[in-house]
There are 2 protein chains.
Amino acid sequence: MSPTKKRIFEEAARLFQEKGYPAASMRDLASRVDLSVSSLYSHIGGKEEILQKICFDNARHYLRVMAEVEKGPDDPAEQVRTLIRQHIKTALEDITSVTVFNDEWRHLSEPYLSEFAKMRKDYERRFIRIISNGQKRGQFTDLDPTIALFTMLTSLRWLHQWYPAKKGISKKALESNILAMLMHGLEKR
Amino acid sequence: MSPTKKRIFEEAARLFQEKGYPAASMRDLASRVDLSVSSLYSHIGGKEEILQKICFDNARHYLRVMAEVEKGPDDPAEQVRTLIRQHIKTALEDITSVTVFNDEWRHLSEPYLSEFAKMRKDYERRFIRIISNGQKRGQFTDLDPTIALFTMLTSLRWLHQWYPAKKGISKKALESNILAMLMHGLEKR
DNA sequence: GTCTATAACTTGATAGAC
DNA sequence: GTCTATCAAGTTATAGAC
């Protein structure tokens, strides 16, 4: 990918995060990369192409991690911990892209929207299977697996608003705190 | 409020939830309430007025609940439980409005945006104080209070996508599962 | 309160010169 | 690959008749 094209994608991700996809205009984007609007179209096919790349790159990434975890040791508690750690790691490494992936995917048009939903559903199904396994072995509390899953997945969504501002806390500390919160909860017992 | 005005606000909330505020047009809204676009303006001042009402009604509600909790028994664990229960209750009772409040507030224009941010920050500050109190008394684990707070607050944000589809599970069961997950975590110990 | 018609503006995208 | 100029469609909102 050419340097200009790369810059366009990076600035677009930032813009989509700040304003949301529909409110982000190609004029905004052009001004940020210091090009005219029409010049953008020498590098990309259109606005939605950018959203598609962000969404599917991330979806593929998460599915790849899931496949690795499934191939690894058959220990549900460790598998869940690995998945959460990966979510945190990915979110911190490329918080802009992950945020857009999380919040803006619904603005994909068909048939991309359906394709994306399928991948998402697949990921959730496989995650829930791991949680169910852990419950069968008595490692996990008998919560509804879906509730447990979504509580974990969404609890990472505040990072992009909050973490950049709070430099005092290290990535390691952040990871261990979130992991402790989700695995052990707030209350002592 | 007149019945027509009420219907406009209700349909608008649904529309904002489905498409997001910027992508929801007054034409969409007019068509849903079976009026012409111009007739909408006999009932409301404009598009953003609807968003403002949703955001500030909810913000005031949450702050009112917080005030009651602060006046109640000085037991941090019980206070946190009450707050979470209230979040779940409110979300289930008016899931559309709460979702818009959560996801679309950033599209408020000034000075409303700053006013809203102030109320939000106030709520967070007071919630964090309760968590810190619980930690000082040894009721809570020594997590970073901000991390604990946002993990709790955002973990409720998936309800609107998921709960309407999954009728098998009762509100009571949902509440106890989420509460258990946040207070005790996934893992047995 | 309702409508039709329209103003004033922004949107994504393209034509065509250089 | 860059630009200026422009298009066609969509946006919120209003004027004014009934």
Side-chain angles (χ1 to χ4, degrees), chain A residues 1-56 96 100-101 103-113 116, chain B residues 1-56 100 103-113 116:
Chain A
M1 186 162 14
S2 80
T4 306
K5 185 166 180 180
K6 204 173 162 192
R7 263 191 58 233
I8 292 174
F9 274 96
E10 283 169 3
E11 279 301 331
R14 237 189 302 272
L15 191 62
F16 292 172
Q17 180 191 355
E18 284 172 27
K19 300 194 161 193
Y21 177 76
S25 76
M26 296 299 276
R27 282 167 175 77
D28 288 337
L29 179 56
S31 139
R32 292 208 187 190
V33 294
D34 230 38
L35 280 176
S36 72
V37 177
S38 58
S39 296
L40 293 177
Y41 290 87
S42 299
H43 300 273
I44 58 165
K47 187 184 176 187
E48 190 175 324
E49 183 189 299
I50 306 176
L51 182 62
Q52 285 164 14
K53 178 162 170 50
I54 293 174
C55 290
F56 285 99
T96 300
V100 173
F101 159 76
D103 296 345
E104 309 297 330
W105 59 265
R106 64 178 166 161
H107 296 109
L108 289 169
S109 64
E110 296 291 359
Y112 304 100
L113 182 60
F116 182 85
Chain B
M1 179 160 21
S2 80
T4 307
K5 185 165 180 180
K6 207 174 161 193
R7 265 190 56 233
I8 291 174
F9 274 96
E10 284 170 3
E11 279 301 331
R14 237 189 304 274
L15 193 61
F16 292 173
Q17 180 191 357
E18 285 172 27
K19 300 194 161 192
Y21 177 76
S25 76
M26 295 300 274
R27 283 170 174 78
D28 289 337
L29 179 55
S31 139
R32 292 209 186 187
V33 295
D34 230 37
L35 281 176
S36 72
V37 176
S38 59
S39 296
L40 292 177
Y41 290 88
S42 299
H43 301 272
I44 59 165
K47 186 182 174 185
E48 190 176 326
E49 184 189 297
I50 307 177
L51 181 63
Q52 286 165 13
K53 178 161 170 49
I54 294 173
C55 290
F56 285 100
V100 173
D103 296 346
E104 309 298 330
W105 60 266
R106 64 177 165 160
H107 296 110
L108 289 169
S109 65
E110 294 295 356
Y112 305 99
L113 182 60
F116 181 86

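Residue numbers begin at 1 in each chain, while the letters A, B, ... track the order of the sequences.
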Would you call the rings of A:Phe56 and A:Phe116 parallel, tilted or perpendicular, taking 30° and 60° as the class edges?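 Because their plane-to-plane angle is over 60°, the rings of A:Phe56 and A:Phe116 count as perpendicular.
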In terms of heavy-atom contacts, does OH of B:Tyr112 have more than 12 from other residues, nucleotides or ligands at under 6.0 Å?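 No, not enclosed.
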With sequence neighbours excluded, residues passing side-chain hydrogen bond (donor to acceptor under 3.5 Å, both in side chains) with A:Glu18: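 By the side-chain hydrogen bond (donor to acceptor under 3.5 Å, both in side chains) rule, A:Glu18 matches A:Arg32.
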Counting N and O atoms only, with roles assigned by atom type, does the side chain of B:Tyr21 sit under 3.5 Å from a partner on the main chain of B:Glu48, one being a donor and the other an acceptor?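 Pair found, side chain donor or acceptor close to backbone of B:Glu48.
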Could you run down nucleotides 4-18 of chain D 5' to 3' and tag each one B, S or - for protein heavy-atom contact under 4.0 Å? B------BBBBB---
Enter the distance from B:Gln52:CD to B:Ser109:OG here, rounded to the nearest 0.5 Å.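 The CD atom of B:Gln52 sits 6.0 Å away from the OG atom of B:Ser109.
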Looking only at the aromatic ring of each residue, does the gap between the centers of A:Phe101 and A:Phe16 stay below 6.0 angstrom?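 Centroid separation for A:Phe16 and A:Phe101: 6.0 Å or greater.
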Length of the [atom1]-[atom2] vector between [X] and [N], whole Å:
{"X": "B:Asp34", "N": "C:dT2", "atom1": "CG", "atom2": "P", "answer": "11 Å"}
{"X": "A:Leu15", "N": "C:dT11", "atom1": "CG", "atom2": "C1'", "answer": "14 Å"}
{"X": "A:Lys19", "N": "C:dT11", "atom1": "NZ", "atom2": "C1'", "answer": "13 Å"}

Check every strand shown and say whether A:Leu40 touches a base, only sugar-phosphate, or nothing at a heavy-atom separation below 4.0 Å.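 No contact.
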